[in-house]
Amino acid sequence: MARFEEEVWAVVRAVPVGRVTTYGAVARALGMEGASRRVGWALNACNRAAEPVPAHRVVNRLGMLTGQAHFGTGWSMEDRLEQEGIRVKAGRVVEFEELFWDAAVELAHEAEGT
DNA sequence: CGATTGACGTACG
DNA sequence: TCGTACGCCAATC
């Protein structure tokens with residue numbers, strides 16, 4: 001199957017608790033900077049993932065919880081994010097820029113051996 | 001098989 | 001500065 005989804009899930013699961021990333025960042029981490037839309041699509045297919053994917057840590061480049069509608073009406077992204085210590089205001093991650101976790105950069109640092 | 005969509009992002013008007 | 005249009009690649013209808 002499309003490893004693309006698995007790659008996305010892997011990156012998303014690599015996001016530390018209390019941190020968030022963006023679709024574009026994940027896409028770029030996979031080598032498809034312009035393919036941000038596919039990341040969302042892949043996360044949409046995250047339900048077919050064997051393990052639960054913390055897609056709630058993935059937001060758009062503005063830090064807005066755009067995928068909240070896809071999560072469910074009850075247990076939404078904001079609640080989960082707050083569960084991890086991430087403050088959410090008006091459907092947007094507070095101090096998102098500080099909580100932003102760029103997989104393309106962070107993972108690259110680990111590859112270098114810190 | 002062909003056209004449209006998609007949890008986005010960038011470029012242009 | 002704000003709004004609209006288009007492009008990404010793959011999946012779905």
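Values below: every heavy atom of this structure, side chains too, minus hydrogens, waters and symmetry copies. The sequence lines fix the lettering, A, B, ..., with proteins before strands; numbering per chain opens at 1.
The structure places CD of E110(A) at 11.0 Å from CD of E112(A), a figure rounded to the nearest 0.5 Å.
Members clustered with V105(A): none, using a 4.5 Å side-chain heavy-atom cutoff among hydrophobic residues. The hydrophobic cluster containing V17(A), built from Ile/Leu/Val/Met/Phe/Trp/Tyr side-chain heavy atoms closer than 4.5 Å, comprises no other residue.
Residue-to-nucleotide proximity on DNA chain B shows that, of R38(A) and G24(A), the 5′-proximal contact is made by R38(A).
Residues passing the salt bridge (charged side-chain N to carboxylate O under 4.0 Å, His left out) test with R92(A), sequence neighbours excluded: none. Scored by the side-chain contact (heavy atoms from CB on, under 4.5 Å) test, R87(A) finds V94(A), E95(A) as partners (sequence neighbours excluded).
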Between the protein and nucleotides 10-12 of chain B, are there any N/O to N/O pairs under 3.5 Å, and if so, what are the atom names and distances?
| from | atom 1 | to | atom 2 | distance (Å) |
| --- | --- | --- | --- | --- |
| dT10(B) | OP2 | R61(A) | NE | 3.1 |

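L43(A) has its CG atom 18 Å from the P atom of dC9(C), to the nearest Å. Put simply, CG on L30(A) is 18 Å from P on dC8(C), counting in whole angstrom units. The CG atom of N47(A) sits 12 Å away from the C1' atom of dA7(B) (whole-angstrom rounding). For the pair F4(A) CZ and dT12(C) P, the computed distance is 13 Å after rounding to whole Å. Rounding to whole angstrom units, CD of residue E5(A) and C1' of dT12(C) are separated by 13 Å. Between E7(A) atom CD and dA10(C) atom P the separation is 13 Å, expressed in whole Å. Atom CG in L62(A) sits about 15 Å away from atom C1' in dG3(C), given to the nearest Å. Regarding Y23(A), its OH atom lies at a distance of 9 Å from the P atom of dA7(B), rounded to whole Å.
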Taking only distance into account, with no hydrogens and no angle test, what donor-acceptor pairs under 3.5 Å do side-chain atoms of residues 20-28 of chain A form with protein atoms, sequence neighbours excluded?
| from | atom 1 | to | atom 2 | distance (Å) |
| --- | --- | --- | --- | --- |
| T21(A) | OG1 | W101(A) | O | 3.0 |
| T22(A) | OG1 | A25(A) | N | 3.0 |
| R28(A) | NH2 | D102(A) | OD2 | 2.5 |

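For T66(A) and dC8(B), the shortest distance from a side-chain N or O to OP1 or OP2 is below 4.0 Å.
Among the protein residues, A55(A) comes within range of the nucleic acid bases, having at least one heavy atom under 4.0 Å from a base atom. Among the heavy atoms of the strands lying under 4.0 Å from N44(A) is at least one base atom, whether or not backbone atoms are also near.
Between F71(A) and H56(A), the ring planes lie perpendicular to each other; the angle is over 60°, past the 30° to 60° tilted range.
Of the candidate nucleotides dA11(C), dG9(B), dA7(B), dA11(C) has the atom nearest to the side chain of W41(A).
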